[in-house]
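When a ligand or atom number is given, it counts from 1 through the structure's own listing order. Numbers for residues simply follow the sequence, beginning at 1. Since this is a predicted model, take the numbers as computed values, not measurements.
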Amino acid sequence: MTGQVRGVQLARLLGQWHALPGRRRSPDYAALAGTVRGLLADGRLPLGVRLPAERELAEALRISRTTVTAAYRQLRETGHLASRRGAGSWTMLPGNHRVASTGLWTPLDDREMLDLGVAALAAPPQLLTAARAATEDLPRYLGGAGYHPTGIIELREAVADAYAARGLPTSADQIMVTSGTQHALDLVLRLALAPGGSVLVESPTYPNALAALAGRRARITTHGLAADGWEPDLLLGSLRQTRPKLAYLIPEFQNPTGHLMPASLRERVVAAAHAVGTDLVIDESFVDLPLDGTELPPPVGVYDRHSRVISIGGMSKPYWGGLRIGWVRASAPQVQRLAAVRVGVDMASPVLDQLVAVHLLADADAIVAERRVQLAVQRDALLGALAQRLPDWRVTVPRGGVTLWAELDGPVSSALARAAEEVGVRLAPGPRFGLDGTMERFLRLPFTLPAADLVEAVERIAAVRYDLDRTGRQRWREPAVIA
Ligand SMILES: Cc1ncc(COP(=O)(O)O)c(C=O)c1O
């Protein structure tokens, strides 16, 4: 058992369970049980947690206890609940399957599946050339032990130069190489956030960042993004009112919404954060990927005069996620402290992979230019297919990054994701990007697959969206996310 979910918490997660689309004439207990299964399948309700007692849930939902008793009975029959008299009931999955229960979004190995759950491109052709060149360089490092907690100097210099080229002078001792941006975030949190510390995040935001914050048992407050991005007064007001220890923001082509934070707000956020003693963790995962010639505002770090800003970034989005190379940009003393933290985690990143990154960065202009063209073509194919097959969905055209955030024609995101899985399309439903099971009206759609796959995926999604209304039944199948 990993914990307990209280009646009010489960009620919040269950949301509009009694009015879910496709419900029609099923009894209340079946609808309740079905929604719990859905939450389990999405990973929003963890496995192995104790559900509230029947009476407590009945009170929280303002329904009769008999309904909850019947729903729990059905969940036991379908293998989603284990109960022991006097001890309570725990969530589980049928057939001993395990889903990622932390909100982790893992790619599938199922090649038949069109995977729109992961927003990352396949490797560029230049990767092999870079890998071969890296093996030629390797002998230079083989005489040493190979542990470089802040990264090999060549890569730190290359990353520092890239910051300088973006208008933010940076020295190599301000850079620490990590095993991906996620690792960078985790290390920064270990350094800058005591367990239980307060953090402000955008809503929606990147689910694995929420998972990292959960790992620190962070107390999270959110800034809800509007249809056109951040609401400056609200964001600054939240910072001033809640005075969080830390704020995690994704200013460039925010995941999942694709918004780009304007320069004026960047400056004001840094000033407000400094005034209230908040550290800013700025995730620049998508900074290399403006599309349509969009001009980037200066990096957030440009406005920082008090070492309030820690920037994180990496190779995964412009180059390849499989490389597992990321970095932190911070003050030199902070980098040293991060290195000390890191020694207790994984010591250092692989030298060979860092050398591959050095070669890719040396060819950055050409590689990234190709990626941008590829992404623009794929985005347009996705937008075209959506306009044709799902014209009621509303999308803002993202000017960069790899995702768009579609507003659906109803609160059907999780139901749609389950139905789409049946027809070979994996989706990341809206609630995965929030904290409280809301955002059922939204769906993140990455444009990282080839255009033909995206068009095919939209065809299939449109077909199941139509069926969702027609058949009026929500089906359950064993979850495909098996960790
Ligand atoms: C905003 C954001 N941060 C971090 C990551 C993780 O990146 P990495 O593969 O470098 O760990 C991603 C990947 O999707 C992301 O979208």
Side-chain angles (χ1 to χ4, degrees), residues 100 102-108 115-124 127 151 155 159 162 175-190 199 201-215 223 225 229-230 246-261 280-290 299-300 310-329 342 345-346 349-350 353-354 356-357 360-361 371 375 398 400-405 426-428 432-434 444-449:
T102 54
L104 187 72
W105 202 249
T106 47
L108 282 180
D115 192 349
L116 299 191
V118 171
L121 291 160
L127 195 114
L155 182 54
V159 173
I175 301 296
M176 162 149 163
V177 176
T178 60
S179 300
T181 315
Q182 185 69 21
H183 182 221
L185 175 61
D186 183 70
L187 288 175
V188 169
L189 294 181
R190 282 167 197 259
V199 180
V201 302
E202 293 138 344
S203 174
T205 189
Y206 174 54
N208 292 344
L210 293 175
L213 289 167
H223 168 67
L225 295 175
W230 297 262
L246 205 141
Y248 168 78
L249 302 172
I250 314 171
E252 285 94 16
F253 314 116
Q254 202 260 357
N255 185 0
T257 60
H259 294 309
L260 177 63
M261 186 185 283
L280 293 174
V281 179
I282 301 298
D283 188 330
E284 301 182 309
S285 285
F286 303 97
V287 72
D288 289 323
L289 299 174
V300 173
I310 298 183
S311 307
I312 59 176
M315 304 290 288
S316 295
K317 303 302 163 173
Y319 302 91
W320 192 44
L323 204 51
R324 306 310 310 138
I325 294 291
W327 48 79
V328 181
R329 179 195 184 275
R342 186 205 192 136
V345 180
D346 72 338
S349 293
D353 303 27
Q354 294 183 68
V356 178
L360 288 171
L361 289 178
R371 299 301 242 187
L375 283 166
V402 303
T403 59
L404 61 84
W405 184 238
R426 192 198 200 206
L427 297 175
R432 291 305 291 265
F433 300 85
R444 184 189 76 172
L445 293 168
F447 35 93
T448 42
L449 291 181

Counting C-beta onward and ignoring hydrogens, is there a side-chain heavy-atom pair between [X] and [Y] closer than 4.5 Å?
{"X": "W230", "Y": "H259", "answer": "yes"}
{"X": "L187", "Y": "I312", "answer": "no"}
{"X": "T178", "Y": "D346", "answer": "no"}

Side chain to side chain contact (heavy atoms under 4.5 Å, CB included) partners for A120, two or more places apart: V118, K317
Enumerated ligand 1 atoms positioned under 4.0 Å from heavy atoms of [X]:
{"X": "I250", "value": "1 (C)"}
{"X": "R324", "value": "8 (P), 9 (O), 11 (O)"}
{"X": "F286", "value": "1 (C), 16 (O)"}
{"X": "G180", "value": "10 (O), 11 (O)"}

Give me the residue, atom name and distance of the protein heavy atom closest to atom 6 (C) of ligand 1.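 Looking only at protein heavy atoms, the one closest to atom 6 (C) of ligand 1 is Y206 OH, 3.4 Å.
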Measure the distance from atom 14 (O) of ligand 1 to every protein heavy atom, then report the residue, atom name and distance (to 0.1 Å) of the closest one. K317 NZ, 2.5 Å
Quick one: does S285 get within less than 4.0 Å of ligand 1, heavy atoms only?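 S285 counts as a contact of ligand 1 under the 4.0 Å cut-off.
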Measure from atom 8 (P) of ligand 1 to every heavy atom in G326, A120, G313, S316 and give the option owning the shortest one. S316
I want to confirm something. Looking only at heavy atoms, which of D283, I312, N255 is nearest to atom 2 (C) of ligand 1? D283
Stepwise, does the side chain to side chain donor-acceptor pair (under 3.5 Å) test hold for R324 with T181? CA-CA 8 Å; R324 306 310 310 138; T181 315; over 6 Å; no
Check H183 against V345 and note the closest heavy-atom contact, atom names and distance.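 H183 and V345 have their closest heavy atoms at NE2-CG1, 4.3 Å.
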Can you find an N or O of Q182 that's nearer than 3.5 Å to an N or O of ligand 1? yes
Verify whether one side chain among D283 and Y248 offers a donor that lies under 3.5 Å from an acceptor in the other.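 Looking only at side-chain atoms, Y248 and D283 do form a donor-acceptor pair, the distance falling under 3.5 Å.
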